S.K.: 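This is the structure I want to talk about, given as structure tokens.
Chain naming here is simple, since letters A, B, ... match the order of the sequence lines and numbering starts at 1 in each. Model, not experiment: these values are computed from the prediction.
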Amino acid sequence: MPELPEVETTRRGIEPHVLGQRIESLLLRRPDLRWPIPDHLVRTLPGREIEAVRRRAKYLLIDTEPGSMLIHLGMSGSLRVLTPGFGAGKHDHYDLALGSGQVLRYNDPRRFGCLLWQAADETHELLAALGPEPLGDTFDGDYLYSLSRGRSAPVKAFLMDQSVVVGVGNIYVAEALFEAGIRPTRAAGKVSRAAYGAVAMAIRRILAYAITRGGTTLRDFLKPDGEPGYFEQELSVYGRAEEPCRVCGKPIKQVVQSNRSSFYCPSCQK
DNA sequence: CGTATTCCCTGCACGC
DNA sequence: TGCGTGCAGGGAATAC
């Protein structure tokens with residue numbers, strides 16, 4: 001699930017339950033996800049108070065006085081706040097037990113996610129080269145236009161490059177390029193300033209809207225069962241190969257770019 | 001430096 | 001029913 005809206009939805013979902021809580025313990029059920037989980041965390045975290053729950057790009061940061069838990073959900077990760085009594089499932093890799101008696105539990109079948117540590121006075125290497133937040137003040141069409149000059153890579157790859165702009169994944173890039181009328185296969189350096197203005201607006205609008213839709217799942221956040229695909233029925237092109245374009249009726253095309261599926265309308269996107 | 005490819009891992013839908 | 005294949009929303013590592 002997790003592109004930026006899903007991560008932000010997770011942040012908002014867990015924040016009321018974990019902010020200000022004392023960490024009682026960290027239970028690791030396996031020593032590694034994508035990378036080894038620093039083993040000092042089981043000693044460092046107990047007794048600390050959670051001071052903030054932040055998001056940077058697709059990372060969640062849970063702040064304590066000596067530093068922050070750095071959490072990425074990868075492609076299949078999720079965090080859930082549970083009241084005691086739920087047995088751990090197969091892919092429940094760690095539990096953070098809180099003073100309230102509740103537990104913050106991480107589940108990730110594919111283990112592409114990570115749990116790392118960022119000391120209070122440092123910026124983790126993984127966060128060092130990230131581009132601007134798409135919903136922040138510095139992100140706009142002129143920024144994309146300037147950065148893209150001379151680039152031959154497809155505009156889709158350019159927009160998914162986390163050093164260009166963060167948080168845009170395979171689904172939302174397809175939707176934003178559709179809304180802006182740009183084919184994902186165009187060279188990034190050949191897209192006009194006006195078109196980048198449109199795509200920047202589309203990215204902001206779609207991500208912000210998806211976050212509000214994610215809000216509908218917040219009410220169910222404490223439930224241990226899976227959340228519904230809240231945004232799925234509103235997608236214009238993603239996953240709709242051969243289905244009629246909602247604007248012009250022509251069949252949506254699916255192509256493979258750098259080993260991942262791209263979707264676009266051959267009539268609406270030039 | 002930028003670009004393209006490969007790989008990490010498990011689960012699931014599909015065809016035979 | 002079982003087995004093989006391809007695919008999945010991320011992104012780092014590697015090879016040019």
Side-chain angles (χ1 to χ4, degrees), chain A residues 1-10 29-37 55-60 70-79 89-94 106-116 124-131 134 144 146-178 184-191 203 206-207 209-211 213-214 217 226-242 254-264:
Chain A
M1 331 236 153
E3 297 186 36
L4 185 147
E6 289 72 27
V7 179
E8 179 61 23
T9 297
T10 298
R29 296 196 182 79
R30 64 172 301 139
D32 63 306
L33 294 170
R34 178 173 188 159
W35 295 292
I37 297 171
R55 180 189 58 75
R56 171 70 174 116
K58 296 173 190 169
Y59 293 90
L60 285 168
L70 185 59
I71 297 169
H72 199 292
L73 304 176
M75 268 165 84
S76 57
S78 62
L79 279 169
K90 188 174 177 188
H91 302 295
D92 290 334
H93 301 311
Y94 63 83
Y106 180 86
N107 180 281
D108 187 1
R110 290 173 73 179
R111 304 208 315 277
F112 284 2
C114 63
L115 169 57
L116 296 169
H124 196 282
E125 203 175 281
L126 289 170
L127 303 188
L130 292 175
L144 289 176
S146 308
L147 196 57
S148 62
R149 291 310 88 185
R151 300 266 198 131
S152 62
V155 63
K156 182 204 179 188
F158 175 70
L159 293 172
M160 286 181 69
D161 182 339
Q162 301 295 296
S163 70
V164 172
V165 58
V166 302
V168 183
N170 205 39
I171 293 182
Y172 294 111
V173 76
E175 297 298 302
L177 286 169
F178 173 77
T185 49
R186 289 256 303 278
K190 297 275 175 72
V191 173
I203 287 170
I206 290 167
L207 293 182
Y209 178 66
I211 290 170
R213 302 293 288 146
T217 64
E227 51 194 80
Y230 58 89
F231 200 71
E232 215 175 304
Q233 63 281 11
E234 304 182 47
L235 296 173
S236 296
V237 288
Y238 182 82
R240 298 193 66 241
E242 301 306 320
Q254 176 173 3
V255 296
V256 174
Q257 293 180 278
S258 43
N259 271 329
R260 306 188 76 174
S261 288
S262 297
F263 300 87
Y264 68 94

S.K.: Using whole Å, what does the distance between atom P of nucleotide C/dC7 and atom CD1 of A/Ile171 come to?
M.R.: 17 Å

S.K.: Using a 4.0 Å heavy-atom cut-off, does A/Asn259 contact any base of the nucleic acid, only the sugar-phosphate backbone, or nothing at all?
M.R.: base

S.K.: Mind checking which nucleotides bracket the chain A contacts on DNA chain B, 5' to 3', with an atom under 4.0 Å from a heavy atom?
M.R.: B/dG2 to B/dG11

S.K.: Quick check on C/dG9: is either OP1 or OP2 less than 4.0 Å from any side-chain nitrogen or oxygen of A/Tyr172?
M.R.: no

S.K.: Under 4.0 Å, counting only non-hydrogen atoms across every strand here, what does A/Phe158 touch: a base, just sugar-phosphate, or nothing?
M.R.: nothing

S.K.: Which residue lies toward the 5' end of DNA chain B, A/His91 or A/Arg34, if each is placed at its nearest nucleotide?
M.R.: A/Arg34

S.K.: Quick one: is C/dG11 close enough that its OP1 or OP2 comes under 4.0 Å of any side-chain N or O from A/His72?
M.R.: yes

S.K.: So what does the secondary structure string of DNA chain B come out as, 5' to 3', with Watson-Crick or wobble pairs under 3.5 angstrom, [ ] for crossing and | for pairs with another strand?
M.R.: .|||||||.|||||||

S.K.: Is there a donor N/O on one and an acceptor N/O on the other, under 3.5 Å, for the side chain of A/Arg110 and the base of C/dA8?
M.R.: yes

S.K.: To the nearest angstrom, how far is A/Phe263 atom CZ from C/dA8 atom P?
M.R.: 7 Å

S.K.: Stacking between A/Phe112 and C/dG11, defined as ring centres under 5.5 angstrom apart with planes under 30°, is that present or not?
M.R.: no

S.K.: Could you check whether A/Arg151 gets within reach of a base, just the sugar-phosphate, or nothing at all, counting any heavy atom under 4.0 Å?
M.R.: sugar-phosphate

